[in-house]
Protein chains: 2
Amino acid sequence: MKVLVVDDEPQIRRALRTSLEAHGYEVAAVGTGEEGVLAAADHQPDLMLLDLGLPDIDGTEVIARVRAFSEVPVIVLSVRENQSDKVAALDAGADDYVTKPFAMEELLARLRAALRRSGPDEPTQPTLTFGDLEVDLARRLVTRSGEPLHLTPTEHQLLEVLVTHQGKLLTHQWLLRRVWGQGYGTETTYLRTYIRTLRKKLGDEAAAPALIVTEPGVGYRWIAEAEAEA
Amino acid sequence: MKVLVVDDEPQIRRALRTSLEAHGYEVAAVGTGEEGVLAAADHQPDLMLLDLGLPDIDGTEVIARVRAFSEVPVIVLSVRENQSDKVAALDAGADDYVTKPFAMEELLARLRAALRRSGPDEPTQPTLTFGDLEVDLARRLVTRSGEPLHLTPTEHQLLEVLVTHQGKLLTHQWLLRRVWGQGYGTETTYLRTYIRTLRKKLGDEAAAPALIVTEPGVGYRWIAEAEAEA
DNA sequence: AAGTGGCGTGAAGGATCCGTGAAGACGCGG
DNA sequence: CCGCGTCTTCACGGATCCTTCACGCCACTT
């Protein structure tokens, strides 16, 4: 999760950066409103922490300019207790308003709340379609002409690796490390058996492959191209 | 725009009602957490104002129960300045936290901000129907061909998690963390026993499952599709 | 033309996981 | 203090899955 901090006081930038990074966030920090707007466009952060008392542009102006191209959640930080400032910032498009000095605990909680709301932006692959075959990575469900297929964990993981690297040649060693773990790399018999059951369940033949091609001595390759969603 | 007010003090309910109605909102007001959860299910409000100091149920519990079936924005009103209360409420699923006494102007602005970002979300039905099985998430009531079923708290929570993620494959670890808490993740025997009693009470069989499918080595999946409401 | 290595098939042993039944541990209210 | 409901834990038979081996087949090398 990327967080953009916009504040003109360096010590606050540093404090926020360390606290946020300690909680696993990726942090970018700038000191002016102008830079803030540009950074919001360039970095595509998942959340924006914005100080209202910036030297160059007014805070509400920054919000408005960001809102012109992005729906990123904005939490405003400000020393001003003034009601009209809060109202103006919120109506300009801010998502929350925290007055300095603030408790880090509370800020983190409000940050989590804001991120949770914007959650459904999961750019997860919807479902990959190859002819009558459908692979739903999110639900971990594979169907063939409508009928759900039952895949064992290893089978599914192998299929997942293949379809997410379609067209690429995947070597034996790479596949083994990826599916079985770091300690593996020479057990090509594992691959043979699982590629076989996969081909069987997916309705592919080794002699005339439409999905999985074996590259002798090297590895395997998923050749089917995903069709566009309806 | 419909706003649901949950507060045990009648004068605050009245004050909020008049102020909100003066600004064009449609207002429903109740005095207990229990009524609040039911009203959130029945009225399908666009926003919820919730007092934390309710006489019957704890405020965070109200939020959690509402979050089981609805994504409606919740703004918490509270006299408690305590940081841990804020954090708990926000992490339970609240969208904002305002401490009493509050300025009406600010509350209205936060309300507008919450409504603006909630956008067009489809109202999830508070009661799900699967054949002769009905699950009322708001009332925490499960009936099978009309007969009410008695579920223990853990059983109900497990069922709730399953039906609200229908079709998805839910990992052992994910389910354990979700139902039992963060500290768990390996106790698959818990899952086995509770899945068993659930299947028994819901009338499902492990051999020929119509509701809960076990994915060996991975987790469980709720396969029944919710029918449209009458 | 014979040899060799890699691949596809079939099948089987063993480890792991699941469903089932039941019993002890715990908290709560009478 | 005791009974009740709920949660936790254990043991075991059976199903599932992972691993492994043996055997043809083909392509390529020698």
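As a basis for the values below, the full set of heavy atoms in this structure was taken, side chains included, without hydrogen atoms, waters or symmetry mates.
Within 6.0 Å of the NE2 atom in B:His43, the count of heavy atoms belonging to other residues, nucleotides or ligands does not exceed 12. The 12-atom threshold is not exceeded at CD of A:Glu105, counting heavy atoms of other residues, nucleotides or ligands nearer than 6.0 Å.
Heavy-atom nearest nucleotides on DNA chain D were determined for B:Pro216 and for B:Thr154, and the one closer to the 5' end corresponds to B:Thr154. Place A:Thr193 and A:Gly217 on DNA chain C by their nearest nucleotides, and A:Gly217 ends up nearer the 5' end.
As a whole-Å value, the separation of B:Leu198 CG from D:dC7 P is 11 Å. Taking atom CD of B:Glu187 as the reference point, atom C1' of C:dC17 lies 16 Å away to the nearest angstrom. The distance between atom CZ of B:Arg196 and atom C1' of C:dC17, rounded to the nearest whole Å, is 16 Å. As rounded to whole Å, 15 Å separates atom P of D:dC23 from atom CZ of A:Arg192. Distance, B:Tyr190 OH to D:dT6 P: 17 Å, rounded to whole Å. Atom CD1 of A:Ile212 is separated from atom C1' of C:dC7 by 14 Å (rounded to the nearest Å). What separates CG of A:Asp204 from C1' of C:dG8 is a distance of 13 Å, to the nearest Å. Rounded to whole Å, the distance from CG on B:Leu191 to P on C:dC17 is 14 Å.
Using a 4.0 Å cut-off, no side-chain N or O of B:His172 falls inside it from OP1 or OP2 of C:dC17. Phosphate proximity of C:dG8 to A:Tyr220: present, with a side-chain N or O under 4.0 Å from OP1 or OP2. An OP1 or OP2 oxygen of D:dT6 is reached within less than 4.0 angstrom by a side-chain nitrogen or oxygen of B:His150. Contact check, A:Trp180 against D:dT19: a side-chain N or O comes under 4.0 Å of OP1 or OP2.
What you find for B:Lys100 and B:Glu9 is that their closest heavy atoms are NZ-OE2, 3.9 Å. Pairing each heavy atom of A:Ala94 with each of A:Val76, the nearest pair is CB-CG2, 3.7 Å.
Of all nucleotides listed (D:dC17, D:dT19, C:dT9), C:dT9 comes nearest to the side chain of A:Ala206. Of the candidates C:dG8, D:dC18, D:dC7, C:dG8 carries the atom nearest the A:Arg199 side chain, counting heavy atoms from C-beta on.
Taking the six-membered ring where tryptophan is involved, the planes of A:Tyr190 and A:Trp180 are tilted, since the angle between them lies from 30° to 60°.
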